[in-house]
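Below: the structure, in structure tokens.
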Amino acid sequence: QVQLVESGGGLVQAGGSLRLSCAAFGRTVSSSFMAWFRQTPGKEREFVAGISRSGTIRKYVDSVKGRFTISKDNAKNTVYLQANSLKPEDTAVYYCAADARFNNFDAVPQLVSEYTYWGQGTQVTVSS
């Protein structure tokens, strides 16, 4: 059974930083492509950042480029999202996702439908 457990969310002032963590159980992050999505009430879940199985390719949504960084620690079987210069519009529930259905080690899928495993989500609230 695969389980993804997020942590690190919270309340922060605009301009502040948070580091989200996603610990994987039952599946190794080294064998999966991993991503962070976010969702606000009434809106579809949005791709934020993803990292390939090889760990060499990273993709970001335009609105977070230069502010967020995704990384993974294979030894700790954990994926991170370092979020800096946070803005009120970053407020959302952030979800960790994983899958390995594609053989391309450098693929970074960006669609919700391309991920099988999801965490429970962690709330990030940025006050102005």
Judged by atom type as modelled, is there a donor-acceptor pair below 3.5 Å linking the side chain of [X] to the main-chain atoms of [Y]?
| X | Y | value |
| --- | --- | --- |
| Y94 | Q39 | no |
| K72 | F33 | no |
| N77 | R27 | yes |
| E6 | Q120 | yes |
| T56 | S54 | no |

Using the salt bridge (Lys or Arg N to Asp or Glu O under 4.0 Å) rule, take R53 and D106 through it: C-alpha gap first, then chi angles, then the decisive distance, then the call.
CA-CA 6 Å; R53 289 167 71 176; D106 290 334; over 6 Å; no

Same apolar cluster (I L V M F W Y, side chains within < 4.5 Å links), [X]/[Y]:
| X | Y | value |
| --- | --- | --- |
| Y95 | V29 | no |
| V108 | V48 | no |
| Y80 | V124 | no |
| Y117 | M34 | yes |
| V64 | L81 | yes |

Which heavy atom in [X] sits nearest to a heavy atom in [Y], and how many Å separate them?
| X | Y | answer |
| --- | --- | --- |
| R38 | A92 | CB-CB, 3.8 Å |
| L4 | A24 | CD2-CB, 3.8 Å |
| S128 | A14 | CA-CB, 4.4 Å |
| G16 | V12 | CA-CG2, 3.8 Å |
| V61 | F47 | CB-O, 3.4 Å |

Find the distance between [atom1] ([X]) and [atom2] ([Y]) and round it off to the nearest 0.5 Å.
| X | Y | atom1 | atom2 | result |
| --- | --- | --- | --- | --- |
| T78 | L20 | OG1 | CG | 12.5 Å |
| I57 | S52 | CD1 | OG | 5.5 Å |
| E46 | Q110 | CD | CD | 10.5 Å |
| T122 | W36 | OG1 | CH2 | 7.5 Å |

Does the ring center of Y115 lie less than 6.0 Å from the ring center of F37?
yes

Hey, which of S21, C96, C22 is the one that makes side chain to side chain contact (heavy atoms under 4.5 Å, CB included) with S7?
S21

Applying side-chain hydrogen bond (donor to acceptor under 3.5 Å, both in side chains), run through T116 and R101 and close with a yes or a no.
CA-CA 9 Å; T116 299; R101 71 184 77 174; 3.2 Å; yes

Can you find a pair of side-chain heavy atoms, one from F68 and one from R58, that are under 4.5 Å apart?
no

For Q123, enumerate each residue passing the side-chain contact (heavy atoms from CB on, under 4.5 Å) test, keeping only those at least two apart in sequence or located in another chain.
T91, V93, T125

Salt bridge (Lys or Arg N to Asp or Glu O under 4.0 Å), that's the test. Do K65 and D62 meet it? Break it down for me.
CA-CA 5 Å; K65 285 180 180 177; D62 286 346; 3.0 Å; yes

